2 protein chains.
Amino acid sequence: MDKRITIYDLAKTLGVSAGTVSRSLNDHPSISQKTKDRVISKANELGYKTNKFAVNLSTQKSNTIGVIVPKLNSIFMSTVLAGIEKIANEAGYNLIISQSLESMEKEKLNAKTLYDSGVDALLVSLAYDTTDFDHFANYIRNKIPLIFIDRVHNLPNCSTIIIDNKLAGFEATEHLITQGCKNLLYISGNLKRNVYSERLKGFKEAMAKHNLKFNQANLLESDLGPSSVKDVIAHINNNDIPIDGLFVANDTFAAHCIKELKKEKYKIPSDIKIIGFNNDPISELVTPTLSTINYPGYELGVLAGQSVISHLNGGIDLHPANSITLRHKLIIRESTL
Amino acid sequence: MDKRITIYDLAKTLGVSAGTVSRSLNDHPSISQKTKDRVISKANELGYKTNKFAVNLSTQKSNTIGVIVPKLNSIFMSTVLAGIEKIANEAGYNLIISQSLESMEKEKLNAKTLYDSGVDALLVSLAYDTTDFDHFANYIRNKIPLIFIDRVHNLPNCSTIIIDNKLAGFEATEHLITQGCKNLLYISGNLKRNVYSERLKGFKEAMAKHNLKFNQANLLESDLGPSSVKDVIAHINNNDIPIDGLFVANDTFAAHCIKELKKEKYKIPSDIKIIGFNNDPISELVTPTLSTINYPGYELGVLAGQSVISHLNGGIDLHPANSITLRHKLIIRESTL
DNA sequence: TTTTATTACGCAACCGATTGCGTTATTATG
DNA sequence: CATAATAACGCAATCGGTTGCGTAATAAAA
């Protein structure tokens, strides 16, 4: 019905050139204030809307930021996203979000799609099984800001935003030891991912510091899916020396473990003390409440957002290959007392 | 460095016109197979990438779908999004996701931004306090598919995807009554939203059917934030007749209620039976495990996605103003036994 | 073989901005 | 008052595709 109004329409009715209209609308210095006012008021009067498609083509920027996360439906990730979205939105950027579903293949596809659709920057939290990183080469080559969050990988000229997983793992483990645990078990996610391998390092260091020797029985690598709880139970039941301290890679899985362990008549925390990770809402709703490491997802998202925006605005990378580390915090609750 | 290759470059090196290249790449019928093959192989050889910006401008479509949700960091919503994303992605659409943070003002802003950035369709789950809907007028006027999910509103020519909240509320309530509850309390979210008001209807109907008379003491409207649990406790403690059955608007809030009620020495379920809503993961991890209504978030997302895509592909709206209702399911666990 | 369809392409307008450069009006300087 | 600066704006190319319409080449029908 009502044809969309273009700068040419405005130009014609105002008796100026399209260029002048464009510059007026963008508050370009070489246009007099009077003309700007005329243009702007006429634009409002006629209900002019700038056509983003045209702007994008001519500027070769999309004002969108791509995000690839393993799974949307995780409370941690969606919290991170909430933080990113807030910042991006305030800065006038849209967020295109896609999920890799923990598959490198899908991650590659997503990276390509987002690249093709011309995102101005990309934020990535890696899939479980991502081993090569060629799918990010295009971004780096074309100097499109690429920032890894949480599940990171060190690529030249890419920022990373993380917490000190090793230290966090150390603190969690030491806490268990301090509470009297002698035979620990670290239930880890895929060790290819920094978050889990770093925590393992911390785990080992804490053990070493307290003269506990680490062996394979102290480690169980898992996909952390609900159905894998049975593996945990089996591992614990079949262990020679009874396990009395559990460090679990995330709170949700820890909660599942608690539930099943209780079924198996283990007393938490008297028989087995448990500490989780993330400080998900669930951690204070289970019985007993779950000790954990606070992982500030929202702040992480905010920082990631700010980092991208500053890259984008700064033009030149302010911090080539920098890395931001957020503060974590040990939270002690009933499950380790 | 390596200049981006355009169809004009291809055209020149192949000795054909740009139009032919374009049509070849899009598998247009009026191009011979031989030419198509030549073009395509040369395109691959030279690493041609189509410039989405140009495509968007000339077709006036963006291949993106906008989504506005109240909050990203809710397990239910992120599950819905996961479903939407999967379908959209498979169909070659990108998802631009934004959150209203339960504020109508931000919802308006988001709607405008997404409209301006030219989304091909919009999916919306309404904010708590959305009362007018002018911000969607542009979509409707320009025949951009607009689909409401979960928290819906009936607008002409807009689809809605929901569950039968009234029936679900009825079943939840009747279940409590069947279990012997006489004095019920429905802890509701903002009654302006269909999901909560519909459940209230079901709640009242079930009471009426079983000869319980409803009065204001049976209803507590809440923002369902963790800090509002104290209102619930106060309401229960101060009630003349002891409340013995709780129907809570979502599982997370129900979990918080359980926790606090236990602190107040109420026995669950013997003193008070509780049923939640959504079947969030948390519902089977709390003690006692929480009865609830299964709300298939992922399926809802998938359906929403499919619905949008079919609108988009069909061109003409296949189902003007239709409404899809998903099947819910009563799940009985310890908290009501 | 001529006429009529088809097939396969080319031409060029168009989508709606942005922007470097040139030109004219205006103001400042000598 | 003449000239140099500056300010304010117009011109037109450009971004990279899409697509209606016209036409030459080839195939089918008369």
Side-chain angles (χ1 to χ4, degrees), chain A residues 2-40 42-43 46-64 92 115-120 142 144 315, chain B residues 2-40 42-43 46-64 92 115-120 142 144 315:
Chain A
D2 36 12
K3 285 291 297 167
R4 227 167 132 79
I5 294 185
T6 72
I7 55 170
Y8 297 100
D9 300 328
L10 284 177
K12 195 179 301 173
T13 62
L14 286 166
V16 297
S17 77
T20 299
V21 173
S22 173
R23 282 187 251 256
S24 295
L25 261 18
N26 292 316
D27 202 26
H28 191 285
S30 79
I31 298 290
S32 73
Q33 192 56 49
K34 187 159 60 168
T35 305
K36 283 180 186 171
D37 292 342
R38 280 183 62 219
V39 171
I40 291 171
K42 180 60 78 176
L46 269 49
Y48 167 80
K49 295 274 165 90
T50 137
N51 184 320
K52 286 275 169 56
F53 299 144
V55 178
N56 292 346
L57 174 59
S58 120
T59 61
Q60 295 294 324
K61 321 196 78 201
S62 64
N63 247 50
T64 59
Y115 179 78
D116 288 344
S117 48
V119 293
D120 297 336
N142 293 56
I144 297 172
Chain B
D2 35 9
K3 286 292 297 166
R4 227 169 131 78
I5 293 183
T6 71
I7 54 170
Y8 296 100
D9 299 329
L10 284 177
K12 197 179 301 174
T13 63
L14 286 166
V16 298
S17 77
T20 299
V21 173
S22 173
R23 282 186 252 256
S24 295
L25 261 16
N26 292 316
D27 202 29
H28 191 284
S30 79
I31 300 290
S32 72
Q33 192 57 47
K34 186 158 59 166
T35 304
K36 283 181 187 171
D37 292 342
R38 281 182 61 220
V39 172
I40 290 171
K42 180 60 80 176
L46 269 48
Y48 167 80
K49 294 273 164 89
T50 136
N51 183 321
K52 285 275 169 59
F53 299 144
V55 178
N56 291 346
L57 175 59
S58 91
T59 60
Q60 295 295 324
K61 320 197 81 202
S62 63
N63 246 49
T64 59
Y115 179 77
D116 287 344
S117 48
V119 293
D120 296 338
N142 293 57
I144 297 172

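Fair warning: this is a prediction, and the values are worked out from it, not measured in the lab.
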D/dC9 OP1/OP2 closer than 4.0 Å to side-chain N/O of A/T35: yes
Under the rule for side-chain hydrogen bond (donor to acceptor under 3.5 Å, both in side chains), what residues qualify as partners of A/T64, not counting sequence neighbours? A/S62
Winner on side-chain proximity to A/I7, out of D/dG16, C/dA17, C/dA8, is C/dA17
At their closest point, which heavy atom of B/K36 faces which heavy atom of B/I31, and how far apart are they? CE-O, 3.3 Å
Separation of atom NZ in A/K52 from atom C1' in C/dT18, rounded to whole Å: 15 Å
Quick one: which of C/dT18, D/dC9, D/dG16 gets closest to the side chain of B/A54? D/dG16
Do the side-chain N or O atoms of A/T59 get closer than 4.0 angstrom to the phosphate oxygens (OP1, OP2) of C/dA17? no
Nearest to side-chain heavy atoms of B/N51, which nucleotide of C/dC9, C/dA17, D/dG17: D/dG17
Could you work out, with salt bridge (Lys or Arg N to Asp or Glu O under 4.0 Å) as the rule, every residue matching A/D37, not counting sequence neighbours? none
Take the protein atom CG of B/L57 and the nucleotide atom C1' of C/dC14, then report the distance between them rounded to whole Å. 9 Å
Which heavy atom of B/S24 sits nearest a heavy atom of B/I40, and at what distance? O-CD1, 4.4 Å
Do any pairs count as a side-chain hydrogen bond (donor to acceptor under 3.5 Å, both in side chains) and have a residue in residues 50-59 of chain A, sequence neighbours left out, and if so which ones? A/N51-B/Q60
Of residues 15-30 of chain B, the positions that come close to DNA chain D - non-hydrogen atoms, cut-off under 4.0 Å: B/G19, B/S22, B/R23, B/N26
Measure from the side-chain heavy atoms of A/Q60 and tell me the nearest of D/dC15, C/dT18, C/dA17. D/dC15
In this structure, how many angstroms lie between the P atom of C/dG16 and the CG atom of A/D9, rounded? 9 Å
Starting from C1' on D/dT14, measure out to NZ on A/K61 and report it in whole angstrom. 18 Å
Please report the closest heavy-atom contact between B/F53 and A/G118, naming both atoms and the distance. CZ-O, 3.6 Å
Would you kindly give the NZ-to-P distance between A/K49 and C/dA17, to the nearest whole Å? 13 Å
Respond yes when some side-chain nitrogen or oxygen of B/S32 is under 4.0 Å from OP1 or OP2 of C/dC9, and no when none is. yes
Given atom CD1 of B/I5 and atom C1' of D/dG17, what is their separation to the nearest angstrom? 15 Å
Angle of first-five versus last-five pair axes in the helix from C/dT1-D/dA30 to C/dG30-D/dC1, to 10 degrees: 40°
What's the closest nucleotide to the A/Y8 side chain, out of D/dA8, C/dA17, D/dC15? C/dA17
ring-ring contact (aromatic ring centres under 6.0 Å, His included) partners for A/Y48, two or more places apart: none
note: B/I31, atom CD1; D/dT19, atom P; distance rounded to Å ~ 13 Å
Correct closest heavy-atom pair for A/K49 and B/D116 would be CD-OD1, 3.6 Å
State the CG-CG distance between B/L25 and B/L10, to the nearest 0.5 angstrom. 7.0 Å
Shortest non-hydrogen separation from A/T13 to A/L46 and the atoms involved: OG1-CD2, 4.4 Å
Could you tell me how far apart A/K34 (NZ) and D/dA7 (P) are, to the nearest whole angstrom? 17 Å
